[in-house]
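Everything on this sheet refers to the single structure shown next.
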Amino acid sequence: MNTTVRFAPSPTGHIHIGNARTALFNWLFALKADGRFILRFDDTDVERSRREFAQQIERDLEWLGIHPHAVVRQSDRVPVYEAAAERLKAAGLVYPCYETSEELERRRRIRLSRRLPPVYGREALKLGGEEKAALEAEGRRPHWRFLLPNFRDNPFETERTEVHWDDIVRGPQTVDLASMSDPVLIREDGTFLYTLPSVADDIEMGVTHIIRGDDHVTNTGAQIALFNALGAKAPSFGHHNLLTSVTGEGLSKRTGALSISSLREAGIEPMAVASLAVLIGTSGPVVACRNMEELAAHFSPSSSSKSAAKFDPAELRGLSRNLIQETPFEAVEDRLAAMGIVGEKAERFWLAVRGNLETVGEAVDWWRIVTEGIQHPVDLSEEDRDFVRQAMNHLPPEPWDDQTWTAWTSVLKERTGRKGKALFKPLRVALTGLESGPELANLLPLLGREETLARRP
Ligand code: GLU
């Protein structure tokens, strides 16, 4: 069967680097297997889901280099879940429950005080038809639980029932279905919680591998049981470790902490984000990969460590800088053009400045310096000013190339006896308005003789 994966974010906020990790694990997994990647919005919680967040998530993935083969919204697919729920009801595999959350909490405390595991005791399963009718007459609406297959004949006598899977990331896993409560699949208002839509869609969409954060490990046992209850074989599972902030807190979609949008706005390169999101917390080194194919070659799901990995935004900036320094012109041509950096000088300009940039956006500052003139008043001593003025009289004739700077400064060295900083700094300040920046050997031919002369202080 063709490999099919899905990324299933709930559109309740901006995705952060930890969500990007899940998306990228799936994307790279599909890329390596020549498979399909479905973006599936887990938006059945209508109160918290927002269309704007879904749109932003699509844009963020696109920016990262993830191009889904299909985009679906679970809110458009409710009839599929209703049909699945009907099948489960008909087979007696879900049952109506009427407890309020206070009642459940009270029972949970009693169980804990009796040193019993705080799982749901299936009390609602004992209700007879008349009792249910009476509760409904009171105005109570049922929520529906999935009857976990953790008993032989009597659902009130559960027994250890192991579910095993060979996790793509964590290796062999076991959960005991008797250690958990029957999960609620349908709320009182008839809306679905995440579990049933997720499994129903995974079946219908032919998902072969479910790759997600390890906060879902315990859900997997019940989900495998639900796949089977719906007559399907469960797909393979992989649960990767989560990312935390440097101080160890979990990342949250709601706070917007380290959101992909904020990293993009800060000018971080998408492949820097992708490289770190994938390679952090694995046994391999974190390197800045130039494209998805390169990152795919470094990606191995089973090399993730089992504990959470701390994510340091400072590391991102370093990776981003490394990438920019090596980015060929063709790869940034469109972005530069959007900033007005166009024309015959654009390529040489990019090659001259890329080594000095923190972000591609900063190129525009250098473009102004090259094409419009210095942006700050020149701060030179009288003596240095005289030196630069004289130096202008010794500018070589055009054509200029990357040897012109050495030719010019060699003459100046001979004539004035200046060398090192005393020789170079006044020239740099006069020509760029700044004390540091890209190699002047590369900038000078971009300025040309006429413009250089025009910068005589
Ligand atoms: N919406 C769930 C989450 O973001 C999806 C989990 C899953 O992939 O099954 O955690």
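What you see is a predicted model; the values in this text were computed from it and never measured. All ligand and atom numbering here is 1-based and tracks the order in the structure.
Counted by atom type alone, Y120 and E99 present one or more donor-acceptor pairs between their side chains at under 3.5 Å. T191 and R187 form a side-chain donor-acceptor contact under 3.5 Å, judged by distance and modelled atom types alone.
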Subject >> Verdict with reasoning, E58 to L39, per side chain to side chain contact (heavy atoms under 4.5 Å, CB included) >> reply: CA-CA 8 Å; E58 278 193 61; L39 169 58; 3.6 Å; yes
Subject >> Derivation of the side chain to side chain contact (heavy atoms under 4.5 Å, CB included) call for N2 and R36 >> reply: CA-CA 8 Å; N2 268 349; R36 276 165 53 79; 5.7 Å; no
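Open room surrounds CD on E439; 12 or fewer heavy atoms of other groups in view lie less than 6.0 Å from it.
Near R212, the atoms of ligand 1 lying under 4.0 angstrom from a non-hydrogen atom of the residue are 7 (C), 8 (O), 9 (O). For ligand 1, the atoms lying closer than 4.0 Å to a non-hydrogen atom of D42 are 1 (N), 2 (C).
No part of F7 comes within 4.0 Å of ligand 1, judged by heavy-atom distances.
The residue among H239, Q74, H216, Q223 with a heavy atom at the shortest distance from atom 3 (C) of ligand 1 is H216.
In terms of polar-atom proximity, I211 is not counted as a contact of ligand 1, lacking any N or O under 3.5 Å from an N or O of the ligand.
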